[in-house]
4 protein chains.
Amino acid sequence: MIRFDSDYTEGCIPEILEALSRTNCEQTTGYGEDPHSAHARTLIKEAIGQPDADVHFLVGGTQANTTVIASVLRPHQGALCAETGHINCHETGALEATGHKCLALPTDDGTISAAQVEAAIVSHYNDESFEHIVQPGLVYISYPTESGTLYSRKQLQDLYAVTQKYDIPLFIDGARLGYGLCSPYSDLTMQDIASLCDIFYIGGTKVGALFGEAVVITNPKYKKDFRYHIKQRGGMLAKGRMLGIQFEELFTDNRYMTISRHAIAMAQKLTKGLQERGYAFRFEAVTNQIFPILPNTKISALREDGFSFHTWGAVDEDHTAVRFVTSFMTPEENIDALLAKL
Amino acid sequence: MIRFDSDYTEGCIPEILEALSRTNCEQTTGYGEDPHSAHARTLIKEAIGQPDADVHFLVGGTQANTTVIASVLRPHQGALCAETGHINCHETGALEATGHKCLALPTDDGTISAAQVEAAIVSHYNDESFEHIVQPGLVYISYPTESGTLYSRKQLQDLYAVTQKYDIPLFIDGARLGYGLCSPYSDLTMQDIASLCDIFYIGGTKVGALFGEAVVITNPKYKKDFRYHIKQRGGMLAKGRMLGIQFEELFTDNRYMTISRHAIAMAQKLTKGLQERGYAFRFEAVTNQIFPILPNTKISALREDGFSFHTWGAVDEDHTAVRFVTSFMTPEENIDALLAKL
Amino acid sequence: MIRFDSDYTEGCIPEILEALSRTNCEQTTGYGEDPHSAHARTLIKEAIGQPDADVHFLVGGTQANTTVIASVLRPHQGALCAETGHINCHETGALEATGHKCLALPTDDGTISAAQVEAAIVSHYNDESFEHIVQPGLVYISYPTESGTLYSRKQLQDLYAVTQKYDIPLFIDGARLGYGLCSPYSDLTMQDIASLCDIFYIGGTKVGALFGEAVVITNPKYKKDFRYHIKQRGGMLAKGRMLGIQFEELFTDNRYMTISRHAIAMAQKLTKGLQERGYAFRFEAVTNQIFPILPNTKISALREDGFSFHTWGAVDEDHTAVRFVTSFMTPEENIDALLAKL
Amino acid sequence: MIRFDSDYTEGCIPEILEALSRTNCEQTTGYGEDPHSAHARTLIKEAIGQPDADVHFLVGGTQANTTVIASVLRPHQGALCAETGHINCHETGALEATGHKCLALPTDDGTISAAQVEAAIVSHYNDESFEHIVQPGLVYISYPTESGTLYSRKQLQDLYAVTQKYDIPLFIDGARLGYGLCSPYSDLTMQDIASLCDIFYIGGTKVGALFGEAVVITNPKYKKDFRYHIKQRGGMLAKGRMLGIQFEELFTDNRYMTISRHAIAMAQKLTKGLQERGYAFRFEAVTNQIFPILPNTKISALREDGFSFHTWGAVDEDHTAVRFVTSFMTPEENIDALLAKL
């Protein structure tokens, strides 16, 4: 079987396995207060160009989202997000379980605009019954989005300006951040991301690590007591150095970017092959998740041939959008094998 | 520096590192539905002698406790526990964050008795204002306890009988389960544990793994939809096989028990040495956590000599109980070095 | 000023004031365990034809909704509802504050259909990632809806059949129940309502009382321990007889229906007058809330003339739907005065 | 039957019933934005001597406590309180249901001291594992306490000084505030209460009203958006003027104090009579709740004679403390009747 279901079907970059072995007998304190975690935090602060940022390592993405948002919101506030946002769709109500509503905005391609966000905020305060309605308290976006698409620098600047105008934080879910930044369609750097929001996270699970996400808080207003929240929400690893060691390796020799580029190269080769064969796409194919539209018969045939991938909704009676995902480890022969069958 | 602060100061057993390397390029589905997790579940069900149990792998202990308890309780119910119970003391209110009160019972040595639990339940229903008081909905104990002590078979049988009488589940936190079962002071096997409660977990983080706990649900009443809860509480690892692989290794060739025995041997050697030197103990020294009472001057001297450990409360003006913890990896020379200084 | 903003702009029926005075010096137990509350429960059980139902009096509607739904759902479940449902729109996230997501279904007129509900349930379980998505655990509808519309007997039967098929409860918010049942467009009785759902509430606040809602649980499965939930969610009145006395009066001599009929008669007179003057309506005008579409200039003029009412969204550049609400106390001369200005 | 169970066994002062009748046909806006609520707020601000305070009317005491505390705390914080505090004992875990732990301090007479609070805060931050422990975020006390006792001016000043030193708010539950202030043992005025805490509430339910509590926020830091919280926690009455009208009457002509004095006079007469008969007391008898110790045979005899009251814990094999509560409406002949039987 050849898997294109996700970017978490394989293990990790070999440097991480080597480092885990190399450091296995070291004795360190727990809970992220060890030298490897400290070093990893320094590497990340250098990479984003913000020496004063706070960096925390959490186990996974749902935790990172929940912990950050619940640490920021007051009880009567909710998170503005795309209706397709991960927090709204695929976290089994983890945010609601902390007491907060997702304030979902309509989207076709996974992005939300500054104008949408401003309209939502303004309409809240203009409503005669505003105190009976959940107050927007944070804006959540994903870069890249759950549809594999990207915000342009201009779009992100506009969004951030709106959130600053209304004094609510902008939080970027970067579960696939590397795959966004390395896309030829991106006009943003990691430093840009860090300076165009209040909090974001750098995804490790989907980009080279066994697991782990690095939450970066750049706005001092949201830094206080964050480690209590990590502990309370179950995201504080006892052997915290496991996360530190992984991010040390990812942020050494620019590996985080290098391995992301491989995934993008594989996705682009696949995209080009599909385009040459005349396939249309449900969303613009710009990162490591692409969504071609295939005849249903072809989908069945591919599955019989041992390819694994997700469907993404019927387009018409005979056609369905599917999702192919590449990763830092996708072998080029897998792309070739798939294209050969298309 | 030589660390006796905890049993999570080192990495993992070498077989886990080898297995992670060996399987690194495999492609598998995520979220614990891979063949390694399936195999690990089978191994655990064999080890506990319950082929119909449900086994789930979660990332850490706070998560395991919170996810299990919150999945069982209705909103008006709380968890009976020792006042020293981990959920009551050291999880930053993670259980309360899911809406539930810890109903703490007094204890000196970390255990609670069947009589205490029954009295608490009976007094609840006898109170004229019972509907104004949190209802006991689950009993939480730790084996071994946070004080390093153990329940005898008789004590556990009595506790379970009481919880069955009142139809509320008994949940055992086994973060250090191996270190309890391998103690010469224990008269329980893993099969006993599995048959004397409704839900328990087998700790990996502190017993040989990099991270991970195996929650075992033996009572069918509490099995339904548990995976939703894992996802909601942030405990579902995307690359779930990381947990499966680790428990495969721990439950192959009886390793979980073998490595636990090493920690116990080291703790006993240290205990014997302390006893020979005339030190008293705050709690009975029966597992891998021991709590000798040291002169404050000795504590300072040890720290200057590079030993790291926690204090556990003043005993008198000049003496303080401390905690020394051994693990599956504790080198015998560390014990010797410590004894040489005592 | 003449108010058509809502059905809670005035006090209560005079019989309630008389009863409060008459009983003021009685000494009774608190928390709803007094003889008046007991009598009121009996009267309601007779009115709905279900001697075995459980009846509880709560202070208000948001509480009633939150308390009922949170008592029924497990943590990973949410409430299917119309996107315009009160719990989704106008309770400041009270349901989310208990940890549960509103699973909102699209609607134009405030109703949701059996087919919509079934599709939502089926699509949940068909989703490959179902465990990552909030599980439908209850269906919430309002009768009448927030748009003043009604379910027919057939529609309600179909809805209830679907919820029974999937074994999830149907809960009816009857904040304005009297105004629904007394509408000439309704083909349902209070007995029908009671037999076509698992839990519902009979609104007092908007229908003749100073405050108070009577929650009726007909399905034994959801009865257990409900009083604990009332207390926990803040809905248990110390002087509980205040609620009992009010429902005693409302359910004596069929007053609940008689006073509801007055509101409907007033709403119908206003509707007829508006229709004669050529006004269109945003929703079908069948209960005590009607939504005519007025020129914006007319809206301003009415406000200058001292009429108070809510707007309900622009229809085009020059026209806006408004909401006029009548109640059990609306004086007929207020209707005449309004019609004179239209 | 003659009831001494509580101070909520009767209705309300007659002026409230008259006012409800007099205003019944008025049309007003809802949710506390009516002229009566505005007037009541003004009267209260005059009574406490703080024109800039925010005053909000909530339905009941559990709501008032939960809404205030949850509006103030961040997720990782809990409320320091006496172990006998109402929030810890008799609200069915309402505070935990909002995600927060009660940090209970030992007490014999229902009070907690400045020294206890400071020690709890200091020991939190001194703990090596402080981030794993719920952080003290608010101090909750009751005046009078649940044991009928009082804080002296000095005690309250010291408590407030400690909370200010550590920048956490002091919240006073004044469910029986009138009965405290009117005690001859009190050296505090309502103005003192208002200036020696950050938030408090003036109880109406137990002091003359049908229901309702007036939350007063004096510290500007905690004022923002409080009405959202009231709505979310179910405490916002649709016909909000019912609360405003009641507090208008209570705070006209100093009635709140006058009626409280009656309860105290009755309690003191009963206390004197008990003392003359040689009975001891479990707590100092200084407000409207007194706790004499009676022989168990006497308790049975009184109940057979038709007296109703609560027991408060066995003192020895033959004696039990009981609670007798007087109220603004207690007839003097009830005191005489009880004394005649003692």
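Each chain gets a letter, A, B and so on, in the order its sequence line appears, and its residues count up from 1.
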For the [atom1] atom of [X] and the [atom2] atom of [Y], what is their distance to the nearest 0.5 Å?
X	Y	atom1	atom2	value
A:E96	B:Q232	CD	CD	8.5 Å
A:M242	B:C12	CE	SG	6.5 Å
A:L237	B:T205	CG	OG1	6.5 Å

Going through the distances and angles, do B:L17 and A:L17 end up as a side-chain contact (heavy atoms from CB on, under 4.5 Å)?
CA-CA 7 Å; B:L17 291 171; A:L17 291 171; over 6 Å; no

Which residues satisfy the salt bridge (charged side-chain N to carboxylate O under 4.0 Å, His left out) test with A:E15, sequence neighbours excluded?
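Partners of A:E15 under the salt bridge (charged side-chain N to carboxylate O under 4.0 Å, His left out) test: A:R255.
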
Is [X] close to chain A through its backbone or its side chain, or both, or neither, when contacts mean heavy atoms under 4.5 Å?
X	answer
B:A175	neither
B:L20	both
B:R241	side chain

In terms of heavy-atom proximity below 4.5 Å to chain B, should [X] be classed as side chain, backbone, both, or neither?
X	result
A:H90	backbone
A:F211	side chain
A:L210	both
A:M1	backbone

So, B:T62 versus A:K231: side-chain donor-acceptor pair below 3.5 Å or not?
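Result is yes, a qualifying pair exists.
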
Which residues from residues 24-33 of chain B are near chain A, with near meaning under 4.5 Å between non-hydrogen atoms?
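Those residues of residues 24-33 of chain B which have a heavy atom under 4.5 Å from chain A are B:N24, B:C25, B:E26, B:Q27, B:T28, B:T29, B:G30, B:Y31.
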
Between A:Y8 and B:K239, what is the shortest heavy-atom contact and its length?
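Reported closest heavy-atom pair: O-CG, 3.5 Å.
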
Should B:Q63 and A:Q63 be marked as a side-chain contact (heavy atoms from CB on, under 4.5 Å) after you check the CA-CA gap, both sets of side-chain angles, and the distance that decides it?
CA-CA 11 Å; B:Q63 267 170 4; A:Q63 267 172 2; 2.5 Å; yes

Just so I understand: if I count every heavy-atom pair under 4.5 Å between each of A:T9, A:D5, A:L58 and chain B, which residue has the most?
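Of the candidates given, the most pairs with chain B belong to A:T9.
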
